[in-house]
Amino acid sequence: MNREMIMVLDFGGQYNQLIARRVRECNVYCEVYPYTVSLARIREINPKGIIFTGGPNSVYDEASPHYEKEIFELGIPILGICYGSQVMAYTLGGEVKSAPVSEYGHTETELDKSSALFQQIEDNSTVVWMSHTDYIARVPEGFRITAHTAHCPVAAMECPQRGLYATQFHPEVMHTKEGQKMLQSFVYKVCGCRGDWQMGAFVEETIAQIRQRVGQGRVLCALSGGVDSSVAAVLLSRAVGKQLTCVFVDHGLLRKNEGDEVEAVFGPQGDYELNFIRVNAQQRYYNKLKGVTDPEEKRKIIGEEFIRIFEEEAKKIGAVDFLVQGTIYPDVIESGLGKSAVIKSHHNVGGLPGVVDFKEIIEPLRMLFKDEVRKAGLELGIPQNLVYRQPFPGPGLGVRIVGEVTEEKVRMVQDADYIYREELSKAGLDRDLGQYFAGLTNMRSVGVMGDFRTYDYAVALRAVNTSDFMTAECAQIPYEVLFKVTSRIINEVKGVNRVMFDLTSKPPGTIEWE
Ligand code: XMP
């Protein structure tokens, strides 16, 4: 494959995949490698440039990661970031010291705009994101200083003759205002990339790689209808067609019409050539959940039942060679320094591998962030309503109905949620919100409709803004939209006579209710 590539050398920092993603945003392919990758392998890969990441260590720690000096002699441009800049300085004979004043956060920085890194920046100073306790006190021979802050004499240094550049700050995080321009300059001006990578190329290459890896093998995929598993399934179906079987369990806790929507896309009438098995397990779930009110118990039952059903289906199919998982980068917790990664315990299909007889796992989206997965989905021609689907918990509406789950309550929350989503979409607000949904409280109250007294349930609407889903702010929805949604829910959803709006942030709340 003769494509430009930037290699990110992972020294254990938090933002390593983010660097790769920012470079890909410049239309240049980028992959993260552990710092233990050999020099011979780097020569073989022959990247257009290398980026050293940050990391938690001090270059003087005994166990701190380093790289042999010869990497600087390869003639490949290198950008060192934070700890990576200190590794560069230290290895080439400069001096790294504990800084008298640690810098953390937004920091005003003076730039020398004759540097190739800063040429696209208009002003002589800019705000960058700093996070360091050590700093470069003296640059190696042949280097010059190209940026400084009030407390950091070497915020950036370079030796353009050798293609070596370094920043103490993090250009990859969005708090560094002009960071993307700096990375772009490194990739284009210093490394000489042309920008030959698009999501379409990723899709085509992944398909080709999967084809080669799978050969004539049989592949099994648990399809939830969510973005990640849908994109993974479509990639596989494009690669190996009928060798793929997708099992979709409709547990009766999906959003309104969702089961049919998934079937319309992936089933026999859809655009994809695959063996699609829909298991209609609605009643089975409602029976299991009867009388259960404890949220954790509900989650456990829903998860276990899913595994049982999948196991039954897998038995019918017989031995398979590959199991597909829609794991994406945020699901992968780096266990540090490029060692093998583990999957978050709450991951929807985290419990699957043990119950199916298979040889290998395929995770085609492992490197991507959610919005990159969406782009890949659009490239693959997956309908927009599936690609931009709201995040949805594995246990589905089971955790959006407080208290006992019944078929009747599922209908209420499905209908209310559908109206809410429809009105937010009509108001043009849907793409700007992090997550929004209707839940059903366990509270009934008195109302009056027509000439009759009612004693019905209260629906609660939730809308939050969040980028990482670890914290979230309650989103502000215009009152006129809320009035419209409320009026429609009360008029159209039998069994509901009151609508409330949940103003809680996370923390102290969570996004879901249970
Ligand atoms: P919480 O409620 O913990 O939710 O603030 C954070 C995000 O995770 C989603 N969520 C889940 N996703 N399986 C999932 O795949 C689950 O069991 C689960 N529970 C919560 C939730 O929708 C939100 O986006």
Side-chain angles (χ1 to χ4, degrees), residues 221-233 248-256 258 262 285 288-289 292 294-307 310 324-333 342-353 363 365-366 368-371 373-374 386-402 405 413-414 416-417 420-421 424 430-441 460-475 502-514:
C221 173
L223 181 65
S224 71
V227 186
D228 307 341
S229 70
S230 297
V231 174
F248 167 60
V249 177
D250 185 340
H251 51 27
L253 302 166
L254 298 168
R255 286 164 287 203
K256 188 176 166 112
E258 195 164 17
V262 172
Y285 274 89
K288 281 266 170 196
L289 290 168
V292 183
D294 179 73
E296 279 309 306
E297 206 180 327
K298 285 198 280 187
R299 276 177 175 271
K300 209 167 139 236
I301 291 172
I302 296 166
E304 275 177 8
E305 203 54 18
F306 179 78
I307 297 199
F310 197 78
V324 182
Q325 296 211 289
T327 318
I328 67 170
Y329 182 68
D331 299 331
V332 175
I333 303 163
V342 288
I343 297 170
K344 266 188 198 172
S345 62
H346 92 269
H347 193 269
N348 290 350
V349 289
L352 276 184
E363 294 177 314
L365 311 174
R366 203 183 163 76
L368 304 185
F369 285 80
K370 193 81 168 186
D371 57 334
V373 174
R374 291 200 162 110
L386 264 185
V387 167
Y388 287 102
R389 186 149 266 180
Q390 280 279 298
F392 191 58
L397 299 178
V399 293
R400 290 185 183 171
I401 295 171
V402 179
V405 174
V413 78
Q414 277 180 338
D417 183 67
Y420 187 36
R421 282 188 286 137
L424 287 181
D430 50 341
R431 294 269 174 102
D432 296 333
L433 295 167
Q435 191 169 356
Y436 53 90
F437 57 88
L440 192 69
T441 72
L461 305 176
R462 185 117 174 90
V464 295
N465 284 322
T466 174
S467 54
D468 56 9
F469 294 88
M470 306 292 283
T471 61
E473 293 295 329
C474 170
D502 180 355
L503 287 169
T504 324
S505 292
K506 173 184 179 178
T510 56
I511 295 175
E512 303 288 344
W513 281 350
E514 289 194 332

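First listed ligand is number 1; within each ligand, the first listed atom is number 1.
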Exercise. Got a second to check how far Y436's OH is from Q390's CD, nearest 0.5 Å?
Worked result: 4.5 Å
For this session: For R389, enumerate each residue passing the side-chain hydrogen bond (donor to acceptor under 3.5 Å, both in side chains) test, keeping only those at least two apart in sequence or located in another chain.
Result: E258, E261
For this session: Using distance alone, determine whether R400 and ligand 1 share an N or O pair under 3.5 Å.
Result: no
Problem set entry | Option from I511, L397, L461, V464 for which side-chain contact (heavy atoms from CB on, under 4.5 Å) with F437 holds | I511
Exercise. Would you say G394 and ligand 1 have an N/O pair spaced under 3.5 Å apart?
Worked result: yes
For this session: Provide the closest heavy-atom pair for L223 versus A233 in the form atom of the first, atom of the second, distance.
Result: CD1-CB, 3.8 Å
For this session: Give yes if a backbone or side-chain nitrogen or oxygen of P395 is under 3.5 Å from a nitrogen or oxygen of ligand 1, and no if not.
Result: no
Exercise. Can you list the atoms of ligand 1 that are under 4.0 Å from a heavy atom of T510?
Worked result: 1 (P), 2 (O), 5 (O)
Exercise. Which pair of non-hydrogen atoms, one from K298 and one from V402, has the smallest distance, and what is that distance?
Worked result: NZ-C, 4.3 Å
For this session: Any atoms of ligand 1 less than 4.0 Å from a non-hydrogen atom of K506? List them with their elements.
Result: 1 (P), 3 (O), 5 (O), 6 (C)
